[in-house]
Amino acid sequence: MNKDIDYILSAQAVREKTAKLFDLTVAGKTNFEYHESKLEDVSKIVLEVIRENYPDLKIPFHSRWGHFQVGDVDRNSKLNKDLESLDAMEKARTKLDLVITSVLLDAGAGPNWSFEEEGKTFNRSEGLGVASWHMFMNGAFSTDNSKRADATKLMSISGSDIEKSFQVSSSNPLVGVEGRAGLLASLGKCINSKADVFVGGRPGNILDYMKNKHGMEFAATDLLKAVLTHFGDIWPSRIKVDGVSLGDVWSHPALGEKDDLNSLVPFHKLSQWLTYSLIEPFVEAGFTVHSVNNMTGLAEYRNGGLLIDSGLITLRDPKMMDVAHKPDSEIIIEWRALTVSLLDKIADIVRKELNFSEEEFPLAKVLEGGTWWAGRKLAKEKRVDLSPPLKLDSDGTVF
């Protein structure tokens with residue numbers, strides 16, 4: 001892999017390239033204005049939410065596992081009970097199978113979909129988490145209907161399978177059904193083509209790959225590199241360089257011509273979200289995963305919504321709030337870039353206030369403790385349907 005591609009497929013590139021768009025915003029050269037005077041107030045909102053959600057400040061990483069616990073239902077304990085006969089490594093592989101498939105089903109659900117479980121109703125990310133948890137527990141990702149995932153079954157997943165498991169109907173529509181099914185089928189094809197990485201065509205065997213390559217200790221960014229390199233073929237082919245699909249990477253004209261690598265802005269949102277979600281099963285299996293603070297914030301509409309709904313950033317042309325924007329539009333690329341950069345600034349203030357170091361309180365805890373939930377809280381105050389402040393024309397594979 002050439003060094004330019006290697007760089008774009010890194011958290012370092014996400015941080016550095018988004019910073020360039022932040023600087024252009026400060027210079028008045030993007031669609032957004034940054035109101036630095038509001039940064040302290042936004043950080044106070046995040047701190048309030050952190051203290052409300054986690055008064056003991058014992059905050060888990062922002063990951064899919066939290067969504068499996070919504071509604072005061074301890075689904076993780078039920079899973080552990082079902083897996084108690086397995087050894088630590090096999091238990092971890094199973095949990096990795098679950099969380100990999102679940103994260104791929106996590107793009108925005110839209111405002112009108114919900115999932116019902118024993119009289120309780122869940123929507124948005126939590127609903128998707130619960131629905132995908134049940135889909136996995138029901139054996140939908142395995143050829144023998146067991147609690148695991150394999151390439152053969154994943155390659156055969158259809159939109160109607162998603163609709164059935166996610167209770168989709170004309171009155172309960174889910175955004176991007178075919179896109180979700182396509183991602184799972186692509187996951188199956190991807191792991192099937194990499195027998196040396198995913199032994200037996202099983203996504204959870206990334207555990208064995210990491211152990212063979214790094215031993216029992218590695219940096220979170222090593223895991224992200226494995227995710228970006230070996231799961232990269234899953235994502236729709238947007239930008240390819242030397243035959244490598246770059247995934248959640250977009251070209252912005254303020255940084256260079258369309259064919260110029262300098263124009264590329266990586267976010268790797270779902271890949272980083274997946275990496276954060278993979279860490280817990282690795283740690284439970286006895287691995288040490290360090291340097292989590294080198295990862296970045298997630299450029300998605302809850303964290304980004306916090307910035308707009310709080311007035312920390314505003315659009316220069318307010319009329320653009322009424323238009324639906326595609327993921328490759330300049331406005332969305334800029335919004336996502338500002339999200340990454342400003343999450344770092346908010347995190348610095350939060351850590352200082354709570355008297356934690358970066359290592360003690362990595363961004364993954366700032367996201368889980370505060371920014372994601374603060375974004376949700378402000379969205380609820382401003383819009384009954386909890387929709388993002390900007391209208392998104394999404395295909396179910398980005399947000």
Side-chain angles (χ1 to χ4, degrees), residues 63-65 67-69 73-106 115-118 127-168 174 177-212 226-227 230-231 233-234 270 274 277-278 280-282 284-287:
S63 77
R64 194 53 155 163
W65 296 100
H67 290 160
F68 295 149
Q69 299 295 81
V73 179
D74 191 356
R75 298 174 192 83
N76 291 337
S77 287
K78 182 180 186 328
L79 176 64
N80 285 332
K81 189 168 184 3
D82 286 358
L83 305 181
E84 61 188 4
S85 64
L86 305 178
D87 65 38
M89 290 294 185
E90 182 58 20
K91 193 179 291 185
R93 291 184 196 101
T94 303
K95 289 187 172 186
L96 293 170
D97 280 347
L98 163 61
V99 85
I100 289 166
T101 49
S102 181
V103 165
L104 291 184
L105 290 165
D106 190 42
F115 184 83
E116 187 174 319
E117 178 196 61
E118 296 178 5
L128 293 168
V130 174
S132 60
W133 186 86
H134 281 286
M135 194 172 181
F136 179 85
M137 296 294 279
N138 292 334
F141 304 127
S142 167
T143 46
D144 62 2
N145 298 317
S146 63
K147 294 179 180 67
R148 55 186 289 164
D150 63 67
T152 303
K153 186 59 181 284
L154 289 167
M155 285 190 286
S156 72
I157 296 281
S158 66
S160 61
D161 293 327
I162 302 288
E163 289 177 341
K164 182 180 176 185
S165 293
F166 282 60
Q167 302 172 355
V168 175
L174 175 66
V177 167
E178 293 302 327
R180 292 168 207 277
L183 282 182
L184 290 178
S186 293
L187 170 64
K189 289 174 193 161
C190 176
I191 60 181
N192 194 53
S193 69
K194 298 182 179 184
D196 55 329
V197 178
F198 303 104
V199 179
R202 185 179 182 185
N205 281 339
I206 193 169
L207 177 112
D208 303 270
Y209 169 82
M210 292 300 293
K211 185 181 178 185
N212 292 337
V227 167
H230 299 303
F231 287 126
D233 294 341
I234 296 169
L270 278 171
L274 177 54
S277 300
L278 297 181
E280 196 169 308
F282 272 94
E284 284 180 2
F287 289 80

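On a predicted model such as this, the values are computed, not experimentally measured, just so you know.
Residues Phe166 and Arg180 are not in side-chain contact: their nearest non-hydrogen atoms beyond the backbone lie 4.5 Å or more apart. Looking at Val99 and Leu278, their side chains come closer than 4.5 Å, going by heavy atoms from C-beta outward. Here the side chains of Lys153 and Ser142 are not in contact, with every heavy-atom distance at 4.5 Å or above. The closest side-chain heavy-atom distance from Leu79 to Met137 is below 4.5 Å.
For the atom pair Thr101 OG1 and Leu187 CG, the distance stands at 8.0 Å (nearest 0.5 Å). The line from CZ of Arg75 to CG of Leu98 is 12.0 Å long, rounded to the nearest 0.5 Å. Atom CZ in Phe141 sits 11.5 Å away from atom CD1 in Ile100 (nearest 0.5 Å). The structure places OG1 of Thr152 at 6.0 Å from CG of Asn192, a figure rounded to the nearest 0.5 Å. Met210 CE to His230 NE2: the interatomic distance, rounded to the nearest 0.5 Å, is 9.0 Å. Going from atom CG of Leu154 over to atom CG of Leu183 covers 11.5 Å, rounded to the nearest 0.5 Å.
Under a 3.5 Å cut-off, the side chain of Gln69 and the backbone N or O of Asn76 do form a donor-acceptor pair. The main-chain N or O of Ile162 is never found under 3.5 Å from a side-chain atom of Ser165 such that the two would form a donor-acceptor pair. Side chain of Glu117 to backbone of Val130: no donor-acceptor contact under 3.5 angstrom is found. One N or O on the side chain of Ser132 and one on the backbone of Leu128 form a donor-acceptor pair closer than 3.5 Å. Under a 3.5 Å cut-off, the side chain of Asp150 and the backbone N or O of Thr143 do form a donor-acceptor pair. No side-chain donor-acceptor contact under 3.5 Å links Arg64 to the backbone of Ser277. Remark: side-chain polar atoms of Asp233 are not paired, donor with acceptor, to backbone N or O of Cys190 under 3.5 angstrom.
What you find for Gly129 and Phe68 is that their closest heavy atoms are O-CE2, 3.3 Å. When every heavy atom of Ala181 is checked against every heavy atom of Gly159, the shortest pair comes out as CB-N, 3.6 Å. In plain terms, the two heavy atoms of Ile206 and Ala226 that are nearest each other are CD1-CB, 4.3 Å. The two atoms that bring Glu280 and Ser63 nearest to each other are OE1-OG, 4.4 Å, heavy atoms only. Between Leu96 and Gly204, the shortest heavy-atom contact is CD1-O, 3.5 Å.
Side-chain contact, Asn80 with Ser77: no donor N or O sits under 3.5 Å from an acceptor N or O. A side-chain N or O of Thr94 and one of Arg202 form a donor-acceptor pair less than 3.5 Å apart.
Residue Glu284 is tested with Lys91, Lys95, Arg93 for a salt bridge (Lys or Arg N to Asp or Glu O under 4.0 Å); the sole match is Lys95.
Side-chain rings of Trp133 and Phe136 stay apart, their centers remaining 6.0 Å or farther from each other.
Crowding of Lys189 atom NZ: a count of heavy atoms from other residues, nucleotides or ligands under 6.0 Å not exceeding 12.
By the 4.0 Å N-to-carboxylate-O rule, Lys78 lies close enough to Asp82 to be salt-bridged with it.
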